[in-house]
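Report on the following structure.
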There are 2 protein chains.
Amino acid sequence: MNTIPKLKTEMRCDSCPIRHRAVCARCDADELSLLDAIKTYRSFSAGDPILWRGEPVEFLASVVSGVATLSKTLEDGRTQMVGLLLPSDFIGRPGRMEIAFDVTATTDVVLCCFDRKPFEKLLMETPHIAQRLMELALDELDAARDWMLLLGRKTAREKIATFIELLERRSNSDAAQRIRTLPLPMTRDQIASYLGLTLETVSRQFSSLKKEGVINFSDRRTLTICDLPALQDATGNDADGGLPA
Amino acid sequence: MNTIPKLKTEMRCDSCPIRHRAVCARCDADELSLLDAIKTYRSFSAGDPILWRGEPVEFLASVVSGVATLSKTLEDGRTQMVGLLLPSDFIGRPGRMEIAFDVTATTDVVLCCFDRKPFEKLLMETPHIAQRLMELALDELDAARDWMLLLGRKTAREKIATFIELLERRSNSDAAQRIRTLPLPMTRDQIASYLGLTLETVSRQFSSLKKEGVINFSDRRTLTICDLPALQDATGNDADGGLPA
DNA sequence: CGGATGATTGAAATGACTCAAATAAAGTGG
DNA sequence: CCACTTTATTTGAGTCATTTCAATCATCCG
């Protein structure tokens, strides 16, 4: 049973910050109003569990704001984050009640939730939604595969650099400015869990990059990229970072 | 440009070994004949490259028989396998010409290929195909996330045990027999690439499991599982291996 | 101010890697 | 069918990156 509090915030889809990237991206005005009719906002505080592995879930959702994580745990307690959910990312899987990982809010999070049954009905009738959902799933698959390369082959230093570069790329700050300041949305422990490292190693690598003048911390959760080329160089990726597309 | 030889093998979809698992799984007879009209079989020998990263591909395909791998490579040559394609798995991404990894045949492989344009048209018009493709993508995403847990947190021994157990589970031998013999479809080097290890470590772990009587080799590419419970215990997974579903 | 949580740093232990050599299997051409 | 080469695999010894264990430091918040 699911006891997550519903929070009926009034927000019109027109002014939604993820309108053009989320599952609704391709919808026209009519389709949007159908989604609007079945949506409910739910809020979570930093640290709150959103969904537990194996628990039946009766909704699917888009992340509107904040950061959530997907994680898997072995019997003995070792855990690995298997996904980072940023605004516009989608949670849930049509046709399957249960998910195979835990979902946790790492910052305050707002979700735009759709009840399963009406959403699945809409999905059948609205190719624009189905196509977009497919696209999102395939993007996640690409991201998962990049992460497999990171987890399997990159050094601690490269992992940290890649992580920072990822945050930079997905944060929507001004494109032009050369020195970027960005908030770290997670603790060292959570970063370690994402990168397949220990929190001590994460801390050491941050310190090392800081000593080299590549990054700097104004506060433990606020990072400044001082030398972006050096950072990209430390990721181990090609200069272009993947496909030109 | 793509210079892969077409091989027009005559095979009716009715008798296709992957008929009920591949992208065509949900199709009725009429839909199947539409797919049949645009399909072409292509064969590859063990070791052949099937697709290169970044190269434009004008077809999508299902694996009919054999094993292929997806792999990514860092600038300095370190490579990580990011997927294993077994019969019924799908290659390619509607709406995108390029793929972000190399695809290689590790055994002799037969693909059932669909030319991009007509396939994408069919996809728009045939919900049964779109739905199945979505399901396959989501299954791959689940598999990718399981693999992230393996790459990030498991020991060499656990990785090897998990790999053997995966092969056992996806090989369609008799369900009842307690001692299973299965062919390893890849070299030690390829296994290492899949598991984020070196080939020496792979060899050592095989030797170790063999010494303990968990597995045995009749030949270097043919493995026998002598003690399945012990093997499963060595994977680090829960007894049920995941969701009961 | 004090207690709790999160982060950093140090020292030691270790699992997997690297380098190197030995062995086994698989072709190849005479 | 047999030397000979090539390739795949196993095994050993030493090294190193990351982990583990432990202590200190910083920050937040009542």
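If you're wondering where the values come from, they're calculated on a predicted model, not measured in any experiment. Quick note on labels: first sequence line is chain A, next is B, and so on, each numbered from 1.
Note: CG (B:Leu199) to P (C:dA16) measures 15 Å, nearest angstrom. The distance between atom CZ of B:Arg220 and atom P of C:dG27, rounded to the nearest whole Å, is 11 Å. Residue A:Leu223 contributes atom CG, which lies 11 Å from atom P of C:dT8 at whole-angstrom precision. Taking atom NZ of B:Lys159 as the reference point, atom P of C:dC17 lies 7 Å away to the nearest angstrom. Taking atom CZ on A:Arg221 and atom P on D:dC28, their separation rounds to 11 Å, with Å as the unit. The CD1-P distance, from A:Ile191 to C:dA7, rounds to 8 Å in whole Å.
Residues of residues 206-219 of chain A that place a heavy atom closer than 4.0 Å to DNA chain D do not occur.
Looking at B:Ser193, its side chain does come within 3.5 Å of a backbone N or O of B:Met81 through a donor-acceptor pair.
Residue B:Arg188 is classed as a sugar-phosphate contact, given heavy-atom separations below 4.0 Å to backbone atoms only. Using a 4.0 Å heavy-atom criterion, one finds that B:Ser203 contacts the bases of the nucleic acid, with or without backbone contacts as well.
Of all heavy-atom pairs spanning B:Leu151 and B:Gly196, the tightest one is CD2-N, 3.9 Å. Between A:Ser62 and A:Ile18, the closest heavy-atom pair is CB-CD1, 3.9 Å.
For B:Arg169 and B:Glu165, the salt-bridge test passes: some basic side-chain N is under 4.0 Å from an acidic carboxylate O. A salt bridge links B:Arg170 to B:Asp89: one of the charged nitrogens lies within less than 4.0 Å of a carboxylate oxygen.
Side chains of A:Ser43 and A:Asp108 form no contact here, defined as non-hydrogen atoms less than 4.5 Å apart.
Here NZ of A:Lys72 is found 6.5 Å from CZ of A:Arg53. Values are rounded to the nearest 0.5 Å.
B:Asp142 pairs by the side-chain hydrogen bond (donor to acceptor under 3.5 Å, both in side chains) definition with A:Arg93, A:Arg96, not counting sequence neighbours.
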Task: Sequence-aligned protein contact record of nucleotides 13-21 of chain D, with B where the base is within under 4.0 Å of a protein heavy atom and S where only the sugar-phosphate is - done: B----SBBB
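In summary, the side chains of A:Glu212 and A:Ser208 do present a donor paired with an acceptor at a separation below 3.5 Å, with no hydrogens or angles considered.
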